[in-house]
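These numbers come from the heavy atoms of this one structure, side chains and all, not from hydrogens, waters or symmetry mates. Just follow the structure's listing: the first ligand is 1, and inside any ligand the first atom is 1.
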Amino acid sequence: KTVAAAQKTYTIGTDVTFAPFEFANQDNKYVGIDLDLIKAIAKEEGFKVDVKPLGFNAAVQALEAKQIDGVIAGMSITPERKQKFLMSDPYYKSGVVMAVAKKSTIKSLKDLRGKRVAIKTGTDSADYANSVKQKYGFTTVTFDDSNNMYQDVTTGNSAACFEDQPVMQYGINNGMALKIVGKPAREGAYGFATSKNNQALMTKFNAGLKKLRANGQYDKIIERYLGNGS
Ligand code: GLN
């Protein structure tokens, strides 16, 4: 019998409120698809993780400063991020949608002229909103987390927000007083990120993800949060 070598612990940053990918449950424990995935991959590949809910932008900044080893936070794989970081194989499809208050009459970007729109710092949806705001004549206000951004719309301070489709849909299915209007923009996928010099961790992530997909654990994790057919 061989003696197992001590397992390496990686510090992984995540978002604070981004259900169903990461969120605090009723017992104030962080749960979600991203947490279950990284933990299952770590188990499969023989390493340990210390997951820190830092907030999305803070997590990405901490990775850039090499204060943490990786980010799993519903992070979209974009060409800009691939310049800065190693990004894993895609693990979940997403896209950017516009959401408005349930009773709002706003139907498209054209209805945003002169209005205020809530966006979340450092996200791909904020980048998208900023890229079209001049054309459609709206102003933006930024928030560090998704819940505060939604609240600005439900209270009527902002006319709309931009958010990832699976996250917005999950929130609405769970009682958020918002509705999605129009079609998703910037369709893409989520990936796990590490610094460029951490190929070892990235290789383990991709290998583990492949195994979870093959052995049914990936589907089980999705099912745990989204149930049948969601
Ligand atoms: N998918 C978006 C991005 O990568 C938002 C991520 C998030 O808010 N956690 O920018």
Side-chain angles (χ1 to χ4, degrees), residues 11-25 30-38 49 51-64 68-99 117-133 140-153 158 160-172 174 176 178 180 183-195 202 205 209 221-222 225-226:
T11 307
I12 309 296
T14 192
D15 203 346
V16 280
T17 122
F18 206 58
F21 297 93
E22 45 269 345
F23 57 102
N25 69 8
Y30 269 94
V31 296
I33 292 170
D34 284 346
L35 279 97
D36 288 11
L37 272 182
I38 194 72
V49 286
V51 183
K52 292 195 185 306
L54 302 172
F56 182 69
N57 192 48
V60 174
Q61 302 276 317
L63 181 62
E64 215 174 340
I68 56 174
D69 299 301
V71 171
I72 190 157
M75 183 171 173
S76 305
I77 303 167
T78 66
E80 298 76 30
R81 286 174 183 161
K82 278 167 112 176
Q83 299 272 315
K84 274 189 195 162
F85 307 115
L86 295 177
M87 299 277 333
S88 74
D89 294 337
Y91 68 83
Y92 202 87
K93 282 198 186 114
S94 187
V96 173
V97 290
M98 177 173 143
V117 170
I119 57 177
K120 180 173 163 189
T121 313
T123 62
D124 196 39
S125 10
D127 195 54
Y128 171 71
N130 284 325
S131 76
V132 297
K133 76 188 218 187
T140 51
V141 57
T142 54
F143 294 91
D144 281 339
D145 69 85
S146 288
N147 282 355
N148 284 316
M149 173 176 77
Y150 306 150
Q151 229 175 63
D152 211 55
V153 182
S158 283
C161 66
F162 287 91
E163 177 62 293
D164 289 1
Q165 190 271 337
V167 173
M168 199 66 262
Q169 193 59 59
Y170 183 92
I172 291 168
N174 287 282
M176 192 101 54
L178 297 174
I180 292 172
K183 286 199 193 97
R186 294 201 172 178
E187 285 175 286
Y190 294 157
F192 167 69
T194 69
S195 346
M202 188 51 79
F205 183 92
L209 177 63
I221 290 170
I222 302 297
Y225 295 96
L226 292 173

> Ignoring hydrogens and geometry, is there a side-chain-to-backbone donor-acceptor pair from Asp69 to Thr11 under 3.5 Å?
Replying inline: yes
>> Assess, by modelled atom type and distance only, whether the side chains of Asp34 and Tyr190 contain a donor and an acceptor separated by less than 3.5 Å.
In response: no
>> Is it the case that the ring center of Tyr225 lies less than 6.0 angstrom away from the ring center of Tyr170?
In response: no
>> Distance under 4.0 Å to a non-hydrogen atom of Met75: what atoms of ligand 1 satisfy this?
In response: 4 (O)
> Side chain, backbone, both or neither: which part of Tyr190 has a heavy atom under 4.0 Å from ligand 1?
Replying inline: side chain
>> For Ala189, is there any backbone N or O sitting under 3.5 Å from a side-chain donor or acceptor partner on Tyr91?
In response: no
>> Is a donor from one side chain sitting under 3.5 angstrom from an acceptor on the other, for Thr78 and Asp124?
In response: no
>> Side chain, backbone, both or neither: which applies to Asp124 and ligand 1 if a contact is any heavy-atom pair less than 4.0 Å apart?
In response: both
> Which is it for Arg81 and ligand 1 at heavy atoms under 4.0 Å: side chain, backbone, both or neither?
Replying inline: side chain
> With a 6.0 Å cut-off on ring centres, are Tyr128 and Phe162 close enough?
Replying inline: yes
>> Just to confirm my output: which protein heavy-atom neighbour is closest to atom 5 (C) of ligand 1, and how far is it?
In response: Asp164 OD2, 3.5 Å
> For atom 6 (C) of ligand 1, what is the nearest protein heavy atom, given as residue, atom name and distance?
Replying inline: Gly74 O, 3.2 Å
>> As an exercise, identify every atom of ligand 1 less than 4.0 angstrom from a heavy atom of Ala73.
In response: 6 (C), 7 (C), 9 (N)
>> Once you restrict to heavy atoms under 4.0 Å, what part of Asp15 touches ligand 1? Side chain, backbone, both or neither.
In response: side chain
> Where the side chain of Thr14 meets the backbone of Ile72, is there a donor-acceptor pair that is under 3.5 Å apart?
Replying inline: yes
> Among protein heavy atoms, which sits nearest to atom 8 (O) of ligand 1, and what does the distance come to when rounded to 0.1 Å?
Replying inline: Lys120 NZ, 2.6 Å
> If you round to the nearest 0.5 Å, how far is OG1 of Thr121 from CG of Asp144?
Replying inline: 4.5 Å
> Tell me: protein heavy atom nearest atom 7 (C) of ligand 1, and distance?
Replying inline: Phe18 CZ, 3.4 Å
> Which ligand 1 atoms, with their elements, are less than 4.0 angstrom from a heavy-atom of Ser76?
Replying inline: 1 (N), 2 (C), 3 (C), 4 (O)
